[in-house]
Structure formats: C-alpha cells, structure tokens
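Read the structure below first, then the notes.
Convention: sequence-line order gives letters A, B, ...; per-chain numbering from 1.
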Amino acid sequence: MNNEKLMIIDGNSIINRAFYGLQGKQLLSTSDGLYTNAVYGFINILYKYLEEENPEYLCVAFDLKAPTFRHKEFEGYKANRKGMPPELAMQMPVLKDVLDAMNIVRLEMEGYEADDIIGSVSVCAESVGMQVVIVTGDRDSFQLVTDATRVKMPTTRAGKTETDEYDKARILEKYGVSPSEFIDVKGLMGDPSDNIPGVPGIGEKTALDLIRSFGSIENIYENIEKVTKKGIREKLEKNRDMAALSKRLAAIDCAMPEICKVVDLRRRDFDRERLYDLFKRLEFKKLIEKFGLGEQQSEALPVVQKEIAVIDDLDGLKLLKNKIISSDHCAVVYLLDKEDGFKKSLAGAAFCWAENESAYVSLKSGYQLTDVKYIEESAFLDEFRDVLEDPGIKKYGHEMKDFILYLKRKGIQLKGLDFDTMIAAYVINPSKETYRISELAQQYLAVNIGSIEELSGKGKAFVSFFNMELGKISSAAGLYAEALFKLIKPVGEVLEQNGQRELYYDIELPLIEVLADMEYRGFKINPGYLKEFSAELEEKISALTKGIYDMASEEFNINSPKQLGVILFEKLGLPVIKKTKTGYSTDAEVLEQLSDRHEIISLILEYRQLVKLKSTYVEGLLNVINPETGKIHSSFNQTVTVTGRISSTEPNLQNIPVKLEMGRKIRKVFVPSDESFVLCDADYSQIELRVLAHITGDENMILAFENNEDIHATTASQVFGVAKEEVTSLMRGRAKAVNFGIVYGIGDFSLSKDLGITRKEARRYIDGYLEKYPGVRQYMHDIVQQGKEGGFVATLFGRRRYLPELKSSNFNMRSFGERIAMNTPIQGSAADIIKIAMVKVYNELKSRGLKSRLVLQVHDELIIEADRSEIEEVEGILKESMEGAASLKVPLSVEVKTGSTWYETK
DNA sequence: GCAGTCACGC
DNA sequence: GACGTACGTGACTGCA
C-alpha cells in the first residue's frame, strides 16, 4: 500500500468554518425552508481539495453530537464551549445526506471527538505506509503526533477559498515546543475555545517556561518544590486535578477502538442521480454545474414519454372541440414561432380536457415539413373561436399573455382565463429566475417532462417548432398540457394556504389581459421628429468628438472606458478618483469631480449624455417601430421583479428620459394614434410615502398627508427643527433624499453618496428622521423581526418576498436583508395598488364602451390615449379608479394632465 | 456569447 | 475591518 494517499476531512471544524466564514448570497437556499449555506460551503471546499489532492482513500470525521459531550464525563467540570448553533445543527442531516450521495465514508463514534478519530485513523494508515493528508479548519488541531500533512483552510470568503500548507516543522517552530510538549502547555494554560480549562492564572508565557524546564505536567508535580515562584506554585498545588484533566482533554486519543478498516476508505464514485436530486432540491445550481450533473438532468427523473393523439383534419378538430365543450374546462399549450420581425404564427396547440386526456393540433406554417398533415391556422381559429371566446369554458395555461396577444391580432378575444401557472408561481415566490412548466411539474408533480430548451435546442442547434418532427412536438406539447391540467390543484392550494387567493385572482390574473391589451394597442411614434432629433444629436456629437480629440491630441474610442481611462489618467495625468475591477473608473461621479481640472471633462460628460440619447433612445426606438402599425409595442413582463412591479422591454418604456431637458425632448415623439386622440397622463403623488404612512400608522406623517402638505418640506421642518416657512431649498432637498432613501430602502452609504455628505452625517439624518416619525421607527423594527420569524415579508395585499438574508451571519448580507424587509412592503404595496387601478381603469373603459385605451404604465403613472370626445370622462375614470384603488389611512392623490404628446403632459 | 461598465427611469 | 449597498433594461467594449 506504499505511497497511497488517505485524505481525512475534519468534518466538524470545517463545517463550522463554512458556517461562519462562507456567507455569500449564492450560498443561501430557500428551498425546504432550510438555510443550507454551511452545507454549500463545506461541499465547495471538499470538492476543491478532492480535485487538488486526488486521494485514493478518503473519509470525513464527525463528532457524533455537540462537541462538548466527551468532556462532560469529567465530574465537576462545566462545559464552557458553546454548543452548535441551531441553524447549523439543522443543516447537519442535510450535509450527511449529501456525503452519503457522494459515497464518502463518514466516521463518528460515541465517546470520541472528530480529532480522536482523525488521530487514530492517521496512526493506522501511517503504520501501513500510507501518506495522510488532513484537511482541517481548526487552528489548533495540529498537536497530532503523526506525520500527516495538514491542509488548513484558513480565511474563507464567499465563493473563494485559499489553501495554506502547514507542515509539522513550521507549527512546532512557531510554538517552539515538541508535539508532546504542546499538549502539556495547552493543559497548563487551558484553551477555552477548545473546552480545556487549564490551571487558573497561568498564561501562555508561564506555561511555556514551566514545560521547558520540567518537560511535562507530571514532572512539575513530582518536583513541585522546585517551582520557585510562590504565587505560581500555590496555583499549581491548588489545581492539581484540573491540570491532569486538562492534559487529558488536550491530548488526542490515538488509541480509540478500531472504527473502520483503512482499506474500506477507498474512494467510490458519486451516486450522481442522488446527488443531482439533492442539489436540485437545495437549489445548488453552481454545484450541479461544478460536479457536471447538468447533463444528467434528464436521468435524474426519467423524461416521461407518451404518444399523444394528433389532430390533423377538420373532423378530428370538431370532435376535439366537442370534448372540450362538454368538459367545460381545458389546459392549453400554444406553440408560437416568429415568422418575421413582428408576426407570430401558431405552429400547433395542445389541449388537455381531463386527466391524461389530451390531443395536439397540427397547424400550417410556411416552413413546415412537407410530409406532415396539418390544419390551416385560419381554419383552426374559425373552428375554435367560440370555444376561446366562451367565458363558461375555463382555460388554464402558462404565460397566457402571449397567447392572448396573438389571438387579439387574429381578432379573437380570449375569455374564461382561469389559471396561469406562470403567474401563480410568481405570486408564490417572485424571487425565482425562471418559471418553466417543466420546473413546476418537477416541483409539484415530481415528473420530468423535459424543458422547452431541450426540445428546441440552443444557438446553432435551434429548431423552430415549425421544423420539428411531428411525433416529438406533439408528445412534448401534449405532456405539457397534461402537466398543466394537473398543476392547477396543487398550485392553487399553495396560493390558498399562503392567503394569496385575492392577490392572484383579483389582481394578477385580470392584469394579464390588461397588459396584453396595452401591448396590442402600442404607443404611436412620430418618426419624422425622431429623425430630426437624431440629426440634431448627430451634429452635436460629431462637434464634441472633434473637440475631445483635439484636447487629447489623438483619436481614440470615447465609448471605451478603458481607452478613455488611459487618456485621462495617463496621458493628461488627472488624479484617479476610484477604480473598477478592470481599471480606472470613468463614471459620471468621477468625471464631475474632475470637471474643473480639465476642460475635456465637460465635453466627455455631454458626449456621454448625447450618445446615450442617440443610441438607446433614438436608434433604439427606430428599431422597434412596427412597420404595419407605426407604433412601438413594448413587452410588459409580469414575473420579473422581486417587488411586484411590472417591467418593460423591447423597448423599455419605463426609462424614457425626463430629468434633463435635452433628454426629455425624446418624449415629443410619443403621440396618440391619430388626431382624434390625446394623451392623458395620471400620476400618483407620493404613493410610496403614503403607503408608508398607512403601514406604519405614524400619526405625524398621516397628519401631513391629510393636510395635503408638501411632504418633503414638512419632513425638512421636522427633521431640522425649524418652522415650515424657514425651510430652505437645501433643507428640503436633503429631506427629499431621506424620504427617497426610506422608500427605496437605501442605507446610509447610498444616502451619503446621493447627498455628497459623510456616511456619519447620512446616518444622523436617518436617525433624526426616525426620531420624528416614531411610528416608522417601530415599523422598521417590527418588519425585520417579522421577516426573521416567518422567513418572508408581505405587502398589504399579501405579495411575499422570502428573505433568507436576514439569517445570514454576515453583517452586510444581513443589513441588506433588513433594508429589503423594510422596503419591499412599501414598494410592493404601491405596485399592488397601481395594478388594482389598472384593472379598474381597463374594465371601466370597456364596460362604458369607450374608445380610449391604456397604453403605458410607469410604476406610479398610467397613460391613456383618450378620444377627444371622451377626455373628461377618461380623466374622471383615471382619478377615481386610481384614488379608489385602495382605502388607506391617508388619501391617495392623483394628478391628471393632458397633451398632444407625452412631452406636453408634464 | 459573456462579463464589465455606464446610464436612464421610478 | 469585513463587504457591497433599492428595482429594473439596454448599449457598448473587449475578451473568449
């Protein structure tokens, strides 16, 4: 067995290290309500050492329970070491599961500590000529008497571990004692962290001196009269028993009964399926990748296969229709392919109208394989129109907004939408990155139906639905529909248990139609003005470019922060204000500080502003104008933000410039569909602060809103302790920033940056604020507590956000969690309210048969293009629906402005 | 393709 | 002294 390597992992010390040291965000998992960060850290480290050392033999040593038990055998000795933190204890069974799945032998034995096991196994292994490597996190576990190499895991940071080799010689040199002497020293001076009491009053230096001259604790007591210092001798005599006990505690028992045969520790392969299941459950995505378990995904749970009936003629379609009608509900899976830039066509649709009863409708497309039978898209839509438009037939689906939009373009109004699993999954947990049917099926039904990505392929391997083999596509779509059908019940039950029925059925579900309609309606653009503006920008940019090149006396790419950095900080020698990961920082904050050092700076700032306008807004908008409608049809996403807000893409209409006049001009290109319309822009005034006043019940703040005061001025007068008339604009500005900070949950750090003051001053402002609004202070405290206890915080309407960060032992991570806990109910409730208002406005416009339609939402603002004859009515609907969306302890206030471009409505 | 930097909104 | 600092989307560079 010569030269074979045995690696022994000191389980207890490393998991402790991992628990206290590795507290990165990526280490937290919310699944099962477990905080499995230590497990993650441990496995991460273990994997690293396995790769580096590649040992033939391997084991992990654990204490059987809290590490104090062995010491309790000793009468009169009270254990002082803290037990294992409960969160960590909770994680131990999970860790053991993972180790078992990795087929790694765990060693533990009643009456012995991990150190004893390590010692005994090391001695054994060395006796048969093995090389032993011990991976440990403990600083002091080197008093082992073997020749093992110790790989210490010293400081760890999130996602990063460093190795440090400690050989015996270096350790002993550091302490200047031999291994056996070390135990005596430790016995004399004690080590509270390791539960060794020692002789009271004897410190490190005295202990070292004593052991150097006497050799061992036993020798000291045999020659106690030779200890000349009287105080020391007295202490030694008085604590003779303690010294003996402490020595025994400090010594590692290398002669424990055989716990295993070394040959049994030969490494075995991981149980990959089991490991994958575990990591998947724990949401250890990075580890799945690292361990190469990703491609095993389909093997973890076998992909379900099923032959699905394919409908490819009108007779079959009619039969299907009758089955659906008599069942009065069905799950729908639609397969949309992009035909060209804007048009989407239906490649097929699957329906499931009863458990395990489904069919796939094969539809026509321009690219479809020639040997496939199919039904014309229009024939299908004609046949199914009454089913789709019948509110009595309930429809279940996933991501139904796109389907609704598609149908709208075909002149069909989908009615009876009763469940959208994607939206439901988002309501249950808005922090997820994806909401795929296949994931929901895994989670709720424990079946693997394969993901859409696997079906379609990626990059070059991508195959559109049109070009897919019929058997493959019908099977996948049919299974999706069947899964959807089965998902309604369990997912609905979770909503029920969470008290989120109303949030789901009254707010989110009806909102799908509203968003689809906004996308369908689109926002009309004045392309002439856009081009004009583009030319104006182009002219200014080229003048600026020339000026910048002149001042730099060379041409370079101003858009490249890297090249710009070289010019500013190397060529022109300007002082470096801050650095980024890759080099000099050149952001606006830095440039502003440099602005009086060189005249090139102001040109660069202006250049940046104009280039942003031109590329993102002017060219960005030109690229997304639909040639058929002359409008832009942004996508509104309902499942992206963690707070409940809606997001907008392609283009993002929620960040059109407004602050600076130059940028604001872009709003002139946003116009109504035609001259018969105008734009009505309705804005909530301070909705977040009003929500804050309501949630906290702070009387001071409620009063301010009831009296319709200028809230920032009022805050300023209260925080700075001056009369309202004496509030200066500077004071108001600062109060506004503090209000802003409270609403967005920023900390003193960000506030200090915003105001250009020190962090301390920022802290003072925040404290002063909480002083004046005691209700807010109380709330901030309570909500964090609540979040910690329940694991989540909720909005007024029951939207949740889970916050594992609150339990982090990392200060910053925890502070982050705390700020989120304070902010999410505020921002999220405001998001709830405007969603309610949107549904109300939409229904009101429809039921009154008006021509006016919602076209945009920007977080606290709704925009309607109103028929000129309906302006007053629309203004009334907006004001009433929005102000009446929720009844809070303070009134909601809405301001409506009308204009012929978006620019004019401010 | 991807990460990094920068900039716009609420 | 750690650590990175509300929520989003998009354009651009520079590297693989």
Inset, instruction - Can you establish whether the number of heavy atoms outside Glu570(A) located under 6.0 Å from its atom CD is more than 12? - result: yes
Inset, instruction - Determine: side-chain N/O of Thr586(A) to OP1/OP2 of dC6(B), distance under 4.0 Å, yes or no. - result: yes
Inset, instruction - Specify the residues of residues 656-665 of chain A, ordered by number, for which at least one heavy atom lies under 4.0 angstrom from an atom of DNA chain B. - result: Ile656(A), Pro657(A), Val658(A), Lys659(A)
Legend entry - Residues forming a ring pair (Phe, Tyr, Trp, His ring centres under 6.0 Å) with Phe792(A), sequence neighbours excluded: Tyr802(A)
Legend entry - Candidate nucleotides dA6(C), dC6(B), dG4(B), ranked by approach to the side chain of Arg645(A) - the nearest: dA6(C)
Legend entry - Closest nucleotide among dT13(C), dC10(B), dT5(C) to the Ser750(A) side chain: dT5(C)
Inset, instruction - Would you indicate which nucleotide in dG9(B), dG14(C), dG4(B) comes nearest to any side-chain atom of Lys562(A)? - result: dG14(C)
Legend entry - Selection from dC10(B), dT5(C), dG10(C) that lies nearest to any side-chain heavy atom of Thr649(A): dG10(C)
Legend entry - P spacing across the pair dA2(C) / dA7(B), given as an integer number of angstrom: 27 Å
Less than 3.5 Å apart, which donor and acceptor atoms pair up between the side chains of residues 740-752 of chain A and the rest of the protein, not counting sequence neighbours?
residue   : atom : partner   : partner atom : Å
Asp748(A) : OD1  : Arg759(A) : NE           : 3.4
Ser752(A) : OG   : Asp748(A) : O            : 3.3
Ser752(A) : OG   : Phe749(A) : O            : 2.6

Legend entry - Proximity to the side chain of Asp587(A) - top-ranked nucleotide from dT5(B), dA7(B), dG14(C): dA7(B)
Legend entry - Lys/Arg N to Asp/Glu carboxylate O, Glu536(A) vs Lys540(A), below 4.0 Å: yes
Inset, instruction - Pick the C1' atom in dA3(B) and in dA6(C), then give their distance to the nearest Å. - result: 23 Å
Inset, instruction - Check whether any side-chain N or O of Thr582(A) sits under 4.0 Å from OP1 or OP2 of dT5(B), and answer yes or no. - result: yes
Legend entry - Geometric class of the Trp902(A)/Phe670(A) ring pair [parallel <30°, tilted 30-60°, perpendicular >60°]: perpendicular
Inset, instruction - Using ring pair (Phe, Tyr, Trp, His ring centres under 6.0 Å) as the criterion, list what pairs up with Tyr765(A), not counting sequence neighbours. - result: Phe720(A)
Inset, instruction - Identify which nucleotide among dT13(C), dT5(B), dG4(C) has an atom closest to any side-chain atom of Arg759(A), counting heavy atoms from C-beta outward. - result: dG4(C)
Inset, instruction - Identify which nucleotide among dG8(C), dC10(B), dT5(C) has an atom closest to any side-chain atom of Phe749(A), counting heavy atoms from C-beta outward. - result: dT5(C)
Legend entry - Those residues that, when tested against Tyr903(A), pass ring pair (Phe, Tyr, Trp, His ring centres under 6.0 Å) (two or more places apart): none
Legend entry - N or O in side chain of Thr616(A) less than 4.0 angstrom from dA7(B) OP1/OP2: no
Inset, instruction - Using a strict 4.0 Å threshold on nitrogen-to-oxygen distance, state whether Asp683(A) and Lys897(A) make a salt bridge. - result: no
Inset, instruction - Answer yes or no: are there more than 12 heavy-atom neighbours, outside Lys736(A) itself, under 6.0 Å from its atom NZ? - result: no
Inset, instruction - Between dC10(B), dT5(B), dC7(C), spot the one nearest the side chain of Thr580(A), thanks. - result: dT5(B)
Inset, instruction - Look at atom NZ of Lys578(A) and say whether more than 12 heavy atoms of other residues, nucleotides or ligands are closer to it than 6.0 Å. - result: yes
Inset, instruction - Could you tell me the separation between the CZ atom of Phe670(A) and the C1' atom of dC8(B), rounded to a whole number of Å? - result: 13 Å
Legend entry - DNA chain C: stems of at least 3 consecutive Watson-Crick or G-U pairs whose donor-acceptor distances fall under 3.5 Å: B:1-9 with C:7-15
Inset, instruction - When you get a sec, tell me which of dA6(C), dA11(C), dT5(B) is the closest nucleotide to the side chain of Ser615(A)? - result: dA11(C)
Inset, instruction - Using only side-chain N and O atoms of Asn557(A), determine if any of them is under 4.0 Å from OP1 or OP2 of dT13(C). - result: yes
Legend entry - Residue-phosphate contact under 4.0 Å: Thr643(A) side-chain N/O, dC7(C) OP1/OP2: no
Legend entry - Which nucleotide in dG10(C), dG8(C), dT5(B) has an atom nearest any side-chain atom of Val640(A): dG8(C)
